[in-house]
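Because the structure is predicted, anything quoted here is derived from the model rather than measured. Counting starts at 1 for both ligands and their atoms, in listed order.
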Amino acid sequence: MGISSSACTGTEQPRTRGTTATDGPGGLVRFPAEFAWGVATSAFQVEGATRADGRGRSIWDTFAAQPGTIVDGSNADRACDHYRLVERDLDLMRSLGVRSYRFSVAWPRVLSEGRGAVNAKGLGFYDRLVDGLAARGIKAVATLYHWDLPQALEDAGGWERRDSADWFADYSAVAVRALGDRVDRWVTVNEAKIIAREGYQTGRFAPGKSDRVASGRVIHHLGLAHGRAVQAFRASGARGTIGPCVQLAPCYPADDSAEARRATELADVTENTLYLDPVLRGSYPRGLADADREVAVGIRAASRDGDLDVISAPVDFVGVNYYGPQVVGGSGPVTRYPLSSAGWQQVHPGGLTDVLLRLHRDYGSPEVVVTENGVPDAPGEDLHDASRTIFLRDHLLAVHGAIAKGAKVKGFHAWALMDDFEWAFGYTQRWGLVHVDFETLQRTPKDSARWYQRVAAANAVSSATPSPRR
Ligand code: IFM
């Protein structure tokens, strides 16, 4: 089987601290001019107001209402109430010196039934949001799909149906027509891997299905939807750029055995190349059937001549979400690096250098934006979140290490601007730079937010250990 990169299957452990030519006094690592210091959210996780102004239902409203789906029994009906507090949140971002805001447009707010009549009030929210960003000198990075499929479309067959790509193209055209004069970057689909895996394999996320063959069809249709959105964007003539958003996890063998190496190659397909190759190379990765036979069957059944030409429509950048690596032994995944309080996240900053350099070396060095990177509060942390500051410092140094070797990384978005509804974990994990009191909705910047503010202002990260109360 041909696996495309040594970087993601080897045991390379890049050093990211103090190794670049641009280290200044005190280990100050400078970033390129115009580097976009950003923060990210998604509509369903922060907006709340799920019944306001004609918003339709989404699959996550339905899923969260089912007993046993969300660990704390919560839902996102109010969340951070970003929908109503948006002006305050815009001011907050400006006060923190944020230069780029990645948000998502809620499809069911814009088209209540997913297609047909545009809901002017819902669209108006994003109109005010992008105006507010422009007024504050913050770049707008708009994700078109961050998991909140309109329930009406799910009832019609959802992503398992080929028409979903048409529905998405039409919705994308509406969004681009309304906002395209003020959006700097459009992100098509957030993390197709997680949609397929958690929504259609494990059933832990909406729509809660467990059918691997169906997940293969969904992967293909999400790719097609991405390509159709790129085409709709190009046809619109709007300014700005467009690209996908992939969650990449470098895969390392747990040991030197042939079994571990083979299992790592297969894991690399389902973690990375299955989502990169169709978009950036116009083909599905070799070895897919060995890596996941049922997914391969689903993809084959869904594929038509010419689809891969659409899926690989040229993009302007690749959005990378990075949370951690996979370490793979002959008999399954292994934990090698410290686990964050997310439970599933191994903390290994060097893995971010690896994935960025892989894109640089193996995929023609596209322009890249880190669209998400972050960690939940460690147990007992509140406003004094030293572990997040250290996490972000180390990952930013890892980004810098990749830039120093030629990767074209143009920006970084910390996940998340503020504590929010963390999907099936409800409000039990706090991922924000800004603390949210979910009773009063009070926002309070944590120490990490103040640290990030100084980094953005200096356009540089110090490799020295951050002082604990900053
Ligand atoms: O909160 C999520 C986000 O919606 C998608 N990427 C991972 C984050 C943390 O789990």
Which N/O atoms of ligand 1 sit under 3.5 Å from a protein N/O, and at what distances?
from     : atom 1 : to     : atom 2 : distance (Å)
ligand 1 : 1 (O)  : Gln45  : NE2    : 2.9
ligand 1 : 1 (O)  : Trp415 : NE1    : 3.2
ligand 1 : 1 (O)  : Glu422 : OE1    : 2.6
ligand 1 : 4 (O)  : Gln45  : OE1    : 2.7
ligand 1 : 4 (O)  : His146 : NE2    : 2.8
ligand 1 : 4 (O)  : Trp423 : NE1    : 2.8
ligand 1 : 6 (N)  : Glu191 : OE1    : 3.3
ligand 1 : 6 (N)  : Glu191 : OE2    : 2.9
ligand 1 : 6 (N)  : Glu372 : OE1    : 2.5
ligand 1 : 10 (O) : Glu422 : OE2    : 2.6

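Annotation: cation-pi geometry satisfied between Arg281 and Tyr363 (NZ/CZ under 6.0 angstrom from ring centroid, within 45° of ring axis).
A search for side-chain hydrogen bond (donor to acceptor under 3.5 Å, both in side chains) contacts involving Arg115 returns nothing, not counting sequence neighbours. Remark: Tyr126 engages no residue in a ring-ring contact (aromatic ring centres under 6.0 Å, His included) (not counting sequence neighbours).
Counting only residues at least two apart or on different chains, the side chain to side chain donor-acceptor pair (under 3.5 Å) pairs with a member in residues 52-68 are Asp53-Tyr83, Arg55-Asp61, Ser58-Asp61, Thr62-Gln151.
Look at Lys209 and Glu154 and you find a salt bridge, because one of the NZ, NE, NH1 or NH2 atoms lies within 4.0 Å of a carboxylate O, short of that distance. Salt-bridge check for Asp419 with Arg430: passed, with a basic side-chain N closer than 4.0 Å to an acidic carboxylate O.
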